[in-house]
Amino acid sequence: MASMTAFSATVGCYFPPPTSTSIKAPSLFRCSSSTPADGGSAFSRKREAAGGGGSREAVVAGAATQAPAAFVPSPSGDADVKSHTAWTSVRQERWEGELAVQGQIPLWLSGTYLRNGPGLWHLGDYNFRHLFDGYATLVKLHFRDGRLVFGHRQIESEAYKAATKNNKLCYREFSEVPRTDSFLSYIGDLANLLSGASLTDNANTGVVKLGDGRVVCLTETQKGSIVVDPDTLDTLGKFEYTDSLGGLIHSAHPIVTESEFLTLLPDLIRPGYLVVRMEPGTNERKVVGRVDCRGGPAPGWVHSFPVTEHYVVVPEMPLRYCAGNLLKAEPTPLYKFEWHPESSAYMHVMCKASGKIVASVEVPLFVTFHFINAYEEKDEDGRVTDVIVDCCEHQADTTILEKLRLQNLRSFTGVDVLPDARVGRFRIPLDGSPNGELDAALDPDEHGRGMDMCSINPAFLGKKYRYAYACGAERPCNFPNTLTKIDLMDKKAKNWHDEGTIPSEPFFVARPGATEEDDGVVISMVSEADGGGYAVLLDGSTFEEIARARFPYGLPYGLHGAWVPSSS
Ligand SMILES: CC(=O)/C=C/C=C(C)/C=C/C1=C(C)CCCC1(C)C
Ligand SMILES: CC(/C=C/C=O)=C\C=C\C=O
Ligand SMILES: [Fe+2]
């Protein structure tokens, strides 16, 4: 599709032609109190020339030009290698406006797609190390009557506000730790470190719509649960858990439906996990049950976990939390985690109704961030014999964590460096057998041996399903760069690819009234190499592109999204 050169001015504002380099915001659209005290000055362009990879203009909204390319040094120190837009900090704190659409947005698509992710990776001249360190950038695509309004805004976590006010890191992020002097001056004493007071609340991983309508941005620290307004993207305040379950961390990916919010609380003191459930309209989690770890000095990392109709599956991955690493100032090779192959890997199956463990099996070693789905398999008498669990599996290789370092992401030279991944399918027997199986659900070459950032039709959560949408690889690459529809029945994949771009997680939205599993659209936001970007809509069934809308400037890579349907 040809790209558009003009943008609509009906909702937001006029964009000057992309060649312009000036940014002048109409005062109407200037940020108000949310603008960091030091405004643009804390984010000087000097850093780009110095190889920072960040690109942050004066903090304005409502007016934009094509983003200037940011320069980062190549591994050899050559300053000519441009940082891909996906790994370049968001250029301004917020923007909102209507986009010109090429193609057809289905008229039934009415609501807001929200996407969250780490979008600001520097403070002044200081550059963060890891993709997961960035301050949260929340993006919306509001669809109505075939039209599209786009907006983005930084989430005003305590960590973000303190960092922008003081122009330095004040809380512990995924890999970044404040320097002792600034840390002590801001936070206080060591007790605050142990109590979790110094942990980040930077809600940069995902966003969920609770059954009661509240929209919450999340990360892996419990304090990083932040309520936002899905229309204005305003930060409304902390989501406070009113129970007394304690703990500091939880899974980044709760299972959220109209009727419940289920999550896992890893217990680092007495290695295990609490499975907890929260009813819509409340802030109180109740314990469903507890799983004790079978191996290792600590629980395995639970970035996500799967459920079936009747069971919660608790994965015990050999990539385990490490309390020692948590306290270290410098990042270790696996950050806050440690790889313990000797501890083996396990899958525990808990009955949702009783909290009882119905199976606990040893499985082959595995590494995953994201479980795709799970379901119960029955025999001819209707008895459940096995639980099937699918995930984006990194071939039991932890190097993917290192590949997500910004320096590595920014230094793609055309050499293929993305480690292989596959759709890993676990079979967990419920007959008391001690072992479960793990195999590829389809030939990984179908999707270029890249596999992550998945979604399914939410009506098939926990049920036998056929289709998954995810990012695969068109090699050579250093990061998944295709949108891929996986057919788990035919064991085939269909791939969409736009050379040089990085698309974010393909998010499936079902057509209201649909009877086929893949009747709907798939939404993704695409970052181009040189400062541009666009939203793309694919038909969920044919996987053909049906619409695209250019952004005024490209956005950094974002992680996970949610759909908030229009209320009328
Ligand atoms: C963005 C993403 O996918 C994961 C983010 C994970 C984060 C921010 C984890 C943070 C943590 C700490 C700040 C200390 C405790 C351990 C851990 C949960 C890893
Ligand atoms: C970006 C990512 C994990 C994000 C967690 O929320 C994984 C990418 C894996 C690449 O193959
Ligand atoms: Fe995730």
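In listed order, ligands and their atoms are each counted from 1. Hydrogens, waters and symmetry mates play no part in the numbers below; they use all other heavy atoms, side chains included.
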Novice: So which heavy atom in the protein is nearest atom 3 (O) of ligand 1, and how far is it from that ligand atom?
Specialist: H303 CE1, 3.2 Å
Novice: Is it true that H394 lies under 4.0 Å from ligand 2, counting heavy atoms only?
Specialist: yes
Novice: Identify the residue among K494, K492, R422 that makes a salt bridge (Lys or Arg N to Asp or Glu O under 4.0 Å) with E446.
Specialist: K492
Novice: Which of the atoms in ligand 1, numbered in the order shown and given with their element, are less than 4.0 Å from a heavy-atom of L559?
Specialist: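 The list of qualifying atoms is 1 (C), 3 (O).
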Novice: Without swapping roles, check the side chain of R320 against the backbone of A298 for a donor-acceptor pair under 3.5 Å.
Specialist: yes
Novice: On the 0 to 90° scale, with breaks at 30° and 60°, tag the F174-Y335 ring pair as parallel, tilted or perpendicular.
Specialist: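 F174 and Y335: tilted rings.
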Novice: In degrees, rounded to 10 degrees, what angle do H560 atom NE2 and H370 atom NE2 make at the Fe ion (ligand 3)?
Specialist: 90°
Novice: With a cut-off of 4.0 Å, which atoms of ligand 1 are near a heavy atom of R172?
Specialist: 13 (C)
Novice: Using the six-membered ring wherever Trp is involved, compare the ring planes of W87 and Y557 and label them parallel, tilted or perpendicular (cut-offs 30° and 60°).
Specialist: tilted
Novice: Before signing off on this row, confirm whether H253 and ligand 2 have an N or O atom pair separated by under 3.5 Å.
Specialist: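 Checking ligand 2 against H253, no N or O pair falls under 3.5 Å apart.
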Novice: Among all protein non-hydrogen atoms, which one is nearest to atom 14 (C) of ligand 1, and what is the separation to 0.1 Å?
Specialist: L199 CD2, 3.6 Å
Novice: Do L141 and F551 have side-chain heavy atoms sitting under 4.5 Å apart?
Specialist: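 When only atoms from C-beta onward are counted, F551 and L141 do touch, with a gap below 4.5 Å.
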Novice: Taking 4.0 angstrom as the limit and counting only heavy atoms of H560, give me the atoms of ligand 2 inside it, by number and element.
Specialist: 5 (C), 6 (O)
Novice: Indicate yes or no: does D487 engage K491 in a salt bridge with an N to O separation below 4.0 Å.
Specialist: no
Novice: Given 3.5 Å as the limit, does a donor-acceptor pair link the side chain of K223 with the main chain of L199, or not?
Specialist: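 It does hold such a pair.
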Novice: Relative to the heavy atoms of M453, which atoms of ligand 2 are at a distance of less than 4.0 Å?
Specialist: 1 (C), 2 (C), 3 (C), 4 (C)
Novice: Among all protein heavy atoms, pick the one closest to atom 17 (C) of ligand 1 and tell me residue, atom and distance.
Specialist: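 Checking every protein heavy atom, the shortest distance to atom 17 (C) of ligand 1 gives K336 CG, 4.4 Å.
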Novice: Which heavy atom of the protein is the closest neighbour of atom 11 (C) of ligand 1, given with residue, atom name and distance?
Specialist: T221 CG2, 4.5 Å
Novice: Considering only heavy atoms of I400, which atoms of ligand 2 have at least one such atom less than 4.0 Å away?
Specialist: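 Answer for ligand 2: 9 (C), 10 (C), 11 (O).
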Novice: For ligand 1, which atoms have a heavy atom of N204 less than 4.0 angstrom away?
Specialist: 1 (C)
Novice: Write out the residue and atom name of the closest protein heavy atom to atom 9 (C) of ligand 2, then the distance separating them to 0.1 Å.
Specialist: D452 OD2, 3.5 Å
Novice: Determine whether a donor-acceptor pair (N or O, by modelled atom type, separation under 3.5 Å) exists between the side chain of E393 and the backbone of F366.
Specialist: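 Here the side-chain-to-backbone pair does not exist.
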Novice: Please check if the side chain of S251 supplies one atom and the backbone of H303 the other of a donor-acceptor pair under 3.5 Å.
Specialist: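 Pair found, side chain donor or acceptor close to backbone of H303.
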Novice: Does either side chain, that of E505 or that of S524, offer a donor lying less than 3.5 Å from an acceptor on the other one?
Specialist: no
Novice: Compute both the distance and the angle, then confirm whether K485 meets the cation-pi test with Y467: under 6.0 Å from the six-membered ring centre, within 45 degrees of the axis.
Specialist: yes
Novice: I'd like to check R425 versus I388 (side-chain heavy atoms, cut-off strictly below 4.5 Å). Are they in contact?
Specialist: yes
Novice: One pair to check against ring-ring contact (aromatic ring centres under 6.0 Å, His included): W301 and F369. What are the steps and the verdict?
Specialist: CA-CA 9 Å; W301 185 11; F369 296 103; 5.6 Å; yes
Novice: Would you say atom 9 (C) of ligand 1 has a protein heavy atom nearer than 4.0 Å?
Specialist: yes
Novice: With atoms numbered from 1 as shown, which atoms in ligand 2 lie under 4.0 angstrom from a non-hydrogen atom of H303?
Specialist: 5 (C), 6 (O)
Novice: If the cut-off is 4.0 Å to any non-hydrogen atom of H370, which atoms of ligand 2 fall inside it?
Specialist: 3 (C), 4 (C), 5 (C), 6 (O)
Novice: Quick one: which ligand 1 atoms are inside 4.0 Å of a heavy atom on F337?
Specialist: 19 (C)
Novice: Kindly report the NE2-the Fe ion (ligand 3)-NE2 angle for H303 and H253 respectively, rounded to 10°.
Specialist: 90°
Novice: Examine ligand 2 and decide if any of its atoms is less than 4.0 Å from a heavy atom belonging to P480.
Specialist: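 Under 4.0 Å: yes for P480.
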Novice: Counting heavy atoms only, which of N325, V302, T205 comes nearest to atom 2 (C) of ligand 1?
Specialist: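 Nearest option to atom 2 (C) of ligand 1, by heavy atoms: T205.
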Novice: Can you list the atoms of ligand 1 that are under 4.0 Å from a heavy atom of E173?
Specialist: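 Selected atoms, number and element: 13 (C).
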